[in-house]
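In what follows, a structure is listed as structure tokens, so that the remarks can point back to it.
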Amino acid sequence: QVQLAESGGGSVQAGGSLRLSCSASDPTSSNRCMGWFRQGPGKEREGVASICPGYSPYYVSTVKDRFTVSQDSAKASLDLQMDRLSVEDSGIYYCAARSGKVHRDAGPLSLRTYDVWGQGTQVTVSS
């Protein structure tokens, strides 16, 4: 089964940047939508960005124009470039792979449609 592992988290001052990476161990993940999610203290897990084969990346409104999601040519890694970070961006960031089925009635960051998750990496933004 596909395994995902995040890296690149850390501490940064507000206004700074971080680049997160998610490595995929199973090539079958190349046929899946991939997403980034985050969870701050006392908050529910929320979608951040996603990318699907043949489609432009999708971003939640709060990170548009600041975050950029990308994959390498072999689709062995999923990256999230985060610029102009704010304190509100702090949390545990997870990468995830969407299930292989067709999701006709779900949005691109619907939690229930993702079935493989990494362990998470901590992002802390200080003012």
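Remember, predicted model here, so these are calculated numbers, not experimental data. When reading the values below, keep in mind they use all heavy atoms of this one structure, side chains included, and skip hydrogens, waters and symmetry mates.
- For residues 117-127, the set of pairs meeting the salt bridge (charged side-chain N to carboxylate O under 4.0 Å, His left out) definition, not counting sequence neighbours, is empty.
- By the neighbour-count criterion of 12 heavy atoms within 6.0 Å, atom CD of Gln119 is densely surrounded, having more than that number from other residues, nucleotides or ligands.
- Scanning for side chain to side chain donor-acceptor pair (under 3.5 Å) contacts around Ser99 gives His103, with sequence neighbours left out.
- Ile51 meets the side chain to side chain contact (heavy atoms under 4.5 Å, CB included) test with Met34, Pro57, Val69, Gln71, Leu78; sequence neighbours excluded.
- Residue pairs that meet the disulfide bond (SG atoms under 2.5 Å apart) test with at least one member in residues 40-119, sequence neighbours left out, are Cys22-Cys95, Cys33-Cys52.
- Heavy atoms only, all atoms of each residue included: Val123 and Gly9 are closest at CG2-CA, 4.3 Å.
- Residues passing the side chain to side chain contact (heavy atoms under 4.5 Å, CB included) test with Gln122, sequence neighbours excluded: Ile92, Thr124.
- Applying the side chain to side chain donor-acceptor pair (under 3.5 Å) rule to Glu88 yields the partners Ser86; only residues at least two apart in sequence or on another chain are considered.
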Worksheet entry | Verdict with reasoning, Leu4 to Val116, per side-chain contact (heavy atoms from CB on, under 4.5 Å) | CA-CA 7 Å; Leu4 304 176; Val116 180; 4.0 Å; yes
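- Residue pairs satisfying the side chain to side chain donor-acceptor pair (under 3.5 Å) criterion with at least one member in residues 46-63, sequence neighbours excluded, are listed as follows: Arg38-Glu46.
- Every residue two or more places apart in sequence or in another chain that forms a side chain to side chain contact (heavy atoms under 4.5 Å, CB included) with Arg112 is listed here: Ala106, Ser110.
- For residues 8-20, every residue pair satisfying the side chain to side chain donor-acceptor pair (under 3.5 Å) rule, not counting sequence neighbours, is listed here: Ser17-Asp83, Arg19-Asp79, Arg19-Gln81.
- Using a 4.0 Å cut-off between charged side-chain N and carboxylate O, Asp115 and Lys101 make no salt bridge.
- Listed by first then second residue, pairs satisfying ring pair (Phe, Tyr, Trp, His ring centres under 6.0 Å) with a partner in residues 108-127 read Phe37-Tyr114, Phe37-Trp117, not counting sequence neighbours.
- To the nearest 0.5 Å, atoms CG (Leu80) and CH2 (Trp36) are separated by 6.0 Å.
- Panel note: side chain Ser23, backbone Ser77; no donor-acceptor pair is recorded below 3.5 Å.
- With sequence neighbours left out, the side chain to side chain donor-acceptor pair (under 3.5 Å) criterion links Thr113 to Arg98.
- Among residues at least two apart or in separate chains, salt bridge (charged side-chain N to carboxylate O under 4.0 Å, His left out) pairs with a member in residues 64-74 are Arg66-Asp89.
- When all heavy atoms of Val87 and Ser126 are compared, the closest pair comes out as CG2-C, 4.1 Å.
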Practice prompt. Determine, step by step, whether Tyr94 and Glu6 satisfy the side-chain contact (heavy atoms from CB on, under 4.5 Å) criterion, reporting the C-alpha distance in whole Å, the side-chain angles of both residues, the deciding distance to 0.1 Å, and the verdict.
Written response: CA-CA 7 Å; Tyr94 302 87; Glu6 303 95 336; 3.8 Å; yes
